[in-house]
Amino acid sequence: QVQLVESGGGLVQAGGSLRLSCAASGRTFSSIAMGWFRQAPGKEREFVARITWRGGNTYYADSVKGRFTIFRDSAKDTVYLQMNSLKPEDTAAYYCAAGFDNTWSYDYWGQGTQVTVSS
């Protein structure tokens with residue numbers, strides 16, 4: 001069982017930046033992959049970014065490429081989402097997820113952290 005603890009959400013002005021953190025604990029493995037998803041009110045949950053622990057391979061949704069960066073601290077089993085040039089349409093609840101790096105499904109989810117971007 002893997003537990004995920006998120007932090008870093010908040011209120012920011014358009015054009016500003018936030019960094020989200022997600023710390024994993026429990027039965028973690030080197031084959032883990034972690035990702036970020038978001039869900040705005042009335043919208044479906046959408047994929048934002050993903051990183052694999054072993055290779056550090058990253059993947060991004062087209063809507064955030066060039067603005068968001070996902071990176072990891074392997075020593076702390078922590079993944080970050082650096083969000084720059086934030087837009088009002090980035091407003092959503094952001095969720096951290098974890099799974100094995102040989103699949104795009106996720107077995108564990110965090111509680112979510114709210115990001116609100118004012119215009």
Side-chain angles (χ1 to χ4, degrees):
Q1 188 77 9
V2 176
Q3 295 179 342
L4 305 176
V5 180
E6 302 163 339
S7 62
L11 175 64
V12 66
Q13 297 182 54
S17 299
L18 282 175
R19 181 181 292 177
L20 306 183
S21 301
C22 176
S25 62
R27 295 176 60 83
T28 58
F29 305 93
S30 62
S31 58
I32 198 172
M34 297 181 71
W36 289 95
F37 294 76
R38 67 186 183 186
Q39 187 169 25
K43 305 293 184 180
E44 295 183 356
R45 181 174 295 182
E46 65 173 333
F47 167 78
V48 176
R50 171 186 173 94
I51 187 167
T52 61
W53 238 246
R54 286 186 287 186
N57 304 119
T58 59
Y59 308 85
Y60 297 94
D62 289 340
S63 59
V64 306
K65 285 182 178 178
R67 299 189 299 120
F68 291 10
T69 303
I70 187 170
F71 61 100
R72 73 199 192 283
D73 184 339
S74 297
K76 297 181 178 180
D77 284 342
T78 299
V79 66
Y80 305 89
L81 184 68
Q82 178 66 46
M83 304 184 294
N84 298 327
S85 301
L86 283 162
K87 305 174 181 179
E89 51 262 45
D90 294 318
T91 296
Y94 283 71
Y95 298 88
C96 178
F100 291 105
D101 62 9
N102 62 349
T103 178
W104 280 79
S105 64
Y106 295 87
D107 300 309
Y108 307 98
W109 294 82
Q111 293 295 117
T113 184
Q114 180 67 37
V115 172
T116 302
V117 184
S118 63
S119 60

- Message: Count I, L, V, M, F, W, Y as connected when their side-chain heavy atoms are under 4.5 Å apart, and connections chain through other members. Are Leu81 and Val12 then in the same cluster?
- Response: yes
- Message: If only side-chain N and O atoms count, and only distance matters, is there a donor-acceptor pair under 3.5 Å linking Tyr106 with Arg50?
- Response: yes
- Message: I'd like to know whether Met34 forms a side-chain contact (heavy atoms from CB on, under 4.5 Å) with Leu4, so could you lay out the CA-CA distance, the side-chain angles of the two residues, the decisive distance to 0.1 Å, and finally the verdict.
- Response: CA-CA 10 Å; Met34 297 181 71; Leu4 305 176; 3.9 Å; yes
- Take the angle between the ring planes of Tyr80 and Phe71 and call it parallel below 30°, perpendicular above 60°, tilted in between. parallel
- If you measure from CZ on Arg45 to CZ on Phe37, what distance do you get to the nearest 0.5 Å? 8.0 Å
- Item | Straight-line distance of Gln82 CD to Ser21 OG, nearest 0.5 Å | 9.5 Å
- Message: Ignoring hydrogens, what is the shortest heavy-atom contact between Ala14 and Ser119? Give both atom names and the distance.
- Response: CB-CA, 4.5 Å
- Item | Tyr108 reachable from Phe47 in the ILVMFWY side-chain graph, under 4.5 Å edges | no
- Query: In Å, rounded to the nearest 0.5 Å, how long is the span from CZ of Arg67 to OG of Ser17?
  - Reply: 10.5 Å
- Query: Roughly how far apart are Gln3 CD and Asp77 CG, rounded to 0.5 Å?
  - Reply: 13.0 Å
- Query: Would a hydrophobic clustering, with Ile, Leu, Val, Met, Phe, Trp and Tyr connected at side-chain separations under 4.5 Å, put Tyr60 with Leu86?
  - Reply: yes
- Message: Show the nearest heavy-atom pair for residues Ala40 and Ala92, with the distance to one decimal.
- Response: N-CB, 3.8 Å
- Is there a donor-acceptor pair under 3.5 Å between the side chain of Arg72 and the backbone N or O of Trp53? yes
- same_hphob_cluster(Tyr59, Ile32) at 4.5 Å side-chain heavy-atom cutoff: no
- Measure from the side-chain N and O atoms of Thr52 to the backbone N and O of Arg54, and report whether any donor-acceptor pair falls under 3.5 Å. no
- Note on the structure: On a heavy-atom basis, the closest approach of Val2 and Ala24 is CG1-CB, 4.2 Å
- Query: Would Phe68 and Tyr95 show up in the same hydrophobic cluster when neighbours are defined by side-chain heavy atoms closer than 4.5 Å?
  - Reply: no
- Item | Between CH2 on residue Trp36 and CD1 on residue Ile51, distance to nearest 0.5 Å | 12.0 Å
- Message: Taking the side chain as everything from C-beta on, heavy atoms only, tell me whether Arg38 gets closer than 4.5 Å to Val115.
- Response: no
- Message: Check this for me: Gln13, atom CD, are more than 12 non-hydrogen atoms of other residues, nucleotides or ligands nearer than 6.0 Å?
- Response: no
- Task: Without swapping roles, check the side chain of Glu6 against the backbone of Cys96 for a donor-acceptor pair under 3.5 Å.
- Result: yes
- Item | Lys87 bridged to Asp90 by N-O distance under 4.0 Å | no
- Query: Does a donor on one side chain and an acceptor on the other come within less than 3.5 Å for Asp101 and Ser31?
  - Reply: no
